[in-house]
There are 2 protein chains.
Amino acid sequence: MTKLKKTYTNEDDLPVLGVEPYIELIQTSSSSDTNQEDAKLGLMLLWLSDHVLDVIDNELAPFGITESKLDLLLLLTLHGERRATPSALAKRLGITRASATSMLDWLEKRNLVVRNHSKEDRRKIYVSLTDEGRTFIAEVLPTYWSSCASNLIDLEPDERKVFEKLVSKLLTSIQRKLKVER
Amino acid sequence: MTKLKKTYTNEDDLPVLGVEPYIELIQTSSSSDTNQEDAKLGLMLLWLSDHVLDVIDNELAPFGITESKLDLLLLLTLHGERRATPSALAKRLGITRASATSMLDWLEKRNLVVRNHSKEDRRKIYVSLTDEGRTFIAEVLPTYWSSCASNLIDLEPDERKVFEKLVSKLLTSIQRKLKVER
DNA sequence: GTTTGATAGTTAGATAATCTAATTAAAAGG
DNA sequence: CCTTTTAATTAGATTATCTAACTATCAAAC
């Protein structure tokens with residue numbers, strides 16, 4: 001009797017649950033000083049956040065670069081004139097200097113950036129984009145921006161306006177909490 | 001003359017730029033069929049998403065578990081009765097079976113889950129939570145929910161209402177795009 | 001009933017992004 | 001000069017992924 005079903009669905013598959021069972025779980029397992037509505041909304045925001053990063057990852061993959069490395073390249077682009085040291089980049093990216101070193105190794109191996117010793121202070125290194133790096137960024141950015149924009153296509157004009165206000169507010173408050181700045 | 005300054009700020013530090021220079025960059029580097037307002041909003045959403053995941057990571061760290069492993073445990077919790085195979089878990093989590101194997105190895109080593117061979121089909125394995133696993137989840141969840149909720153504390157009641165509608169809409173559309181379900 | 005193909009799980013081996021702790025070199029400050 | 005601090009790197013680890021290959025089992029076809 002279950003044979004027909006088997007052609008459509010794998011009986012071992014876990015069914016899609018949606019958000020409802022999570023709401024029930026919140027009711028039984030959240031602390032009394034947690035607002036349950038907020039927990040639910042926060043969970044949905046967490047899911048959305050996961051997906052937003054997945055979308056970017058997927059779209060950048062064909063270029064052979066990841067979001068974190070592109071972030072570093074963007075930082076160098078925007079600070080054009082100013083000379084950037086690995087330490088300063090690490091600080092601004094919120095990672096350790098050791099992590100910055102390995103990202104820079106990767107980027108330098110592909111000729112996207114170069115390291116130059118400072119002449120005033122020989123402990124320091126200044127990182128800059130190569131012409132190849134600039135060309136690469138110019139190739140990637142249109143996809144990057146369209147990928148960012150693509151997540152919002154279903155919103156109506158007035159919804160976008162409201163959403164921007166809310167995202168901006170949340171961004172400020174979460175950055176304050178995490179003590180990071182962009 | 002620059003000595004005083006040095007005690008306050010490191011002259012090598014890259015200044016905080018905020019969103020403005022990114023907007024200028026969008027203007028010069030986005031494709032003509034990209035809505036520039038959307039690109040900007042999408043970028044802010046990307047930043048917010050990064051931070052949302054950081055907040056959760058930070059709060060889960062003291063428990064020695066990561067969000068992806070907790071996701072797996074939550075799936076087992078919510079599907080309580082139903083027997084979950086590694087394949088089914090992998091499919092629902094959007095990872096490969098190989099990745100599921102290593103997560104399960106980790107969880108089993110810490111006695112949070114057990115693997116049992118199916119008797120009907122000896123290729124299959126059923127994964128279930130141990131009592132220890134259930135206890136662990138009960139300990140983690142209050143923090144997990146409060147951490148989710150904490151991202152929204154600065155919103156006003158009416159803002160939350162609007163935000164929920166928007167997040168829900170975006171979640172639906174991004175899940176359709178990524179062909180994932182929760 | 002034996003072969004052949006699909007399925008379930010694992011293993012092997014790789015990459016990426018991160019960390020901490022130790023190391024090296026140089027500068028700065030007494 | 002000696003000591004401390006700073007900058008960058010290295011060494012070594014963990015986590016989360018992946019693909020490809022392998023093993024065992026089941027199922028279906030002939």
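Chain letters run A, B, ... following the sequence lines, proteins first and then strands; every chain starts at 1.
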### Message
Under 4.0 Å, heavy atom to any atom of DNA chain C: which of residues 58-79 of chain A qualify?
### Response
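Contacting residues: A:Thr66, A:Ser68, A:Lys69.
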
Please state how far atom [atom1] in [X] lies from atom [atom2] in [N], giving the value in whole angstrom units.
X: B:Asp50; N: C:dA17; atom1: CG; atom2: P; value: 13 Å
X: B:Arg97; N: D:dA21; atom1: CZ; atom2: C1'; value: 12 Å
X: B:Glu120; N: C:dA8; atom1: CD; atom2: P; value: 14 Å

task: Just compare C:dT18, D:dT19, D:dA8 and give me whichever is closest to any side-chain atom of A:Thr101.
output: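 Nearest nucleotide to the side chain: D:dA8.
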
So which nucleotide from C:dG9, C:dT11, D:dT9 ends up closest to the side chain of B:Ala98?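 Closest of the options to the side chain of B:Ala98: C:dT11.
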
Margin query: Classify A:Thr85 by what it touches in the nucleic acid, base, sugar-phosphate, or nothing, heavy-atom distance under 4.0 Å.
Written below: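 A:Thr85: backbone/sugar contact only, no base atoms under 4.0 Å.
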
| field | Pairwise ring-ring contact (aromatic ring centres under 6.0 Å, His included) hits with a residue in residues 33-55 of chain B, at least two apart | value |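 Non-adjacent pairs meeting ring-ring contact (aromatic ring centres under 6.0 Å, His included): B:Tyr22-B:Trp47.
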
Side chain of A:Arg123, base of C:dA25: donor and acceptor closer than 3.5 Å?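 Side chain to base: no pair present.
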
* **Any pair counted as salt bridge (Lys or Arg N to Asp or Glu O under 4.0 Å), so long as it reaches residues 125-137 of chain A, sequence neighbours left out** =>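 Listed once each, the pairs are A:Asp131-A:Arg134.
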
message: Does C:dG9 have OP1 or OP2 under 4.0 Å away from a side-chain N or O of B:Ser87?
response: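 For C:dG9, OP1 or OP2 has a side-chain N or O of B:Ser87 closer than 4.0 Å.
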
Which sits closer to the 5' end of DNA chain D, A:Asp105 or B:Gly94, going by the nucleotide each is nearest to?
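The answer here is A:Asp105.
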
